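One structure is given below, encoded as structure tokens.
Everything numeric in this text was worked out from a predicted model, so none of it was measured. Convention: sequence-line order gives letters A, B, ...; per-chain numbering from 1.
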Amino acid sequence: MKRKSKNSQNKNKDFFEKVYEITKMIPPGRVTTYGAIAKLIGSPSSSRLVGLALKYSLRLKEYIPAHRVVNRNGLLTGKHSFGDPNIMQQLLENEGIKVENNKVVNFKELFWDPYLHL
DNA sequence: AAGCTGACTATGG
DNA sequence: GCCATAGCCAGCT
């Protein structure tokens, strides 16, 4: 059956969904990076979309531990998207992650590699 | 409907 | 060693 072209809006929503799925995998007290997620999905250069997806994930009814995702420097670049800049840091500290100067302390050690989960 | 934006990252000057 | 630029791609306005 050929489908009408009106369904041409079949866009790759998988990207966002995968981002959500991977983000949910992140264990408490751990953090990962946009690049790692993007690479895991298959588009290492699409790290922006990861952040974008996480931003929109905040609107979702489902809870996504978006605060566990930081940039490759361990910097809380997305803290401002939580409504108030302190929320993200509070969430991280609540899980035992130390944040100093908007940066995750011992980021390298706390980094959770999604590949290890596969 | 078309263009802008963005929670990035790597590279070059 | 810091600032500027380019690539990336889809959802949002």
Rounded to the Å, how far apart are A:Y20 OH and C:dA10 C1'? 11 Å

Among C:dC9, C:dG11, B:dG6, find the nucleotide with the atom closest to the side chain of A:K55. B:dG6

Please work out if A:I37 contacts a base, only the sugar-phosphate, or nothing of the nucleic acid, heavy-atom cut-off 4.0 Å. nothing

Distance-only check: which donor-acceptor pairs under 3.5 Å involve side-chain atoms of residues 56-63 of chain A, not counting sequence neighbours?
residue, atom, partner, partner atom, Å
A:S57, OG, A:L54, O, 2.4
A:E62, OE2, A:K24, NZ, 3.3

Would you indicate what A:S46 reaches in the nucleic acid, counting non-hydrogen atoms under 4.0 angstrom: base, sugar-phosphate, or nothing? sugar-phosphate

Separation of B:dA7 atom C1' from A:F82 atom CZ, nearest Å, is 8 Å

How would you summarise protein contacts on nucleotides 8-13 of chain B per nucleotide, using B for base, S for sugar-phosphate only and - for none, with heavy-atom distances below 4.0 Å? BSS---

For residues 105-116 of chain A, which residue pairs qualify under side chain to side chain donor-acceptor pair (under 3.5 Å), counting only residues two or more places apart or in two chains? none

Return the value, rounded to whole Å, for the distance between atom CZ of A:F15 and atom C1' of B:dG6. 13 Å

Quick one, A:L49 and A:V19 - any side-chain contact, counting heavy atoms below 4.5 Å? no

Once you apply a heavy-atom cut-off of 4.0 Å, does A:V50 come out as touching a base, just sugar-phosphate, or nothing? nothing

Side chain to side chain donor-acceptor pair (under 3.5 Å) with A:K39: which residues, sequence neighbours excluded? none

Going by the side chain to side chain donor-acceptor pair (under 3.5 Å) test, which pairs reach into residues 84-104 of chain A, not counting sequence neighbours? A:H67-A:E95, A:R68-A:E95, A:K79-A:N102, A:Q89-A:E93

Could you go over nucleotides 1-3 of chain C and give all protein N or O partners under 3.5 Å, atom names and distances?
none

OG1 (A:T32) and CG (A:L116) are apart, to the nearest 0.5 Å, by 9.5 Å

Please give the distance between the P atoms of C:dC9 and B:dA1 as a whole number of Å. 24 Å

Proximity to the side chain of A:F16 - top-ranked nucleotide from C:dC9, B:dA7, C:dG11: C:dG11

Heavy-atom side-chain contact between A:V70 and A:T77 under 4.5 Å: no

Residues in contact with DNA chain C, drawn from residues 95-110 of chain A - heavy-atom cutoff 4.0 Å: none

On a heavy-atom basis, the closest approach of A:V69 and A:T33 is CG1-C, 4.1 Å

Rounded to whole Å, CG of A:L54 lies from P of C:dG11 at a distance of 14 Å

Nearest whole angstrom, please: distance from the P of B:dA7 to the CG of A:L60. 15 Å

According to salt bridge (Lys or Arg N to Asp or Glu O under 4.0 Å), who are the partners of A:K55, at least two apart in sequence or on a separate chain? none

What nucleic acid atoms does A:A66 come within less than 4.0 Å of, heavy atoms only: base, sugar-phosphate, or nothing? base

Restricting to pairs with a member in residues 40-53 of chain A, which pass side chain to side chain donor-acceptor pair (under 3.5 Å), not counting sequence neighbours? none

Measure the spacing between OH of A:Y20 and CD1 of A:I37 and express it to the nearest 0.5 Å. 11.5 Å

Where is the tightest heavy-atom contact between A:F15 and A:V50, given as atom of each residue plus distance? CE2-N, 4.0 Å

Protein-nucleotide distance (A:Y56, atom OH; B:dT5, atom P), rounded to Å: 12 Å

Once you round it to whole Å, what is the distance between C1' of C:dC12 and CG of A:L58? 15 Å

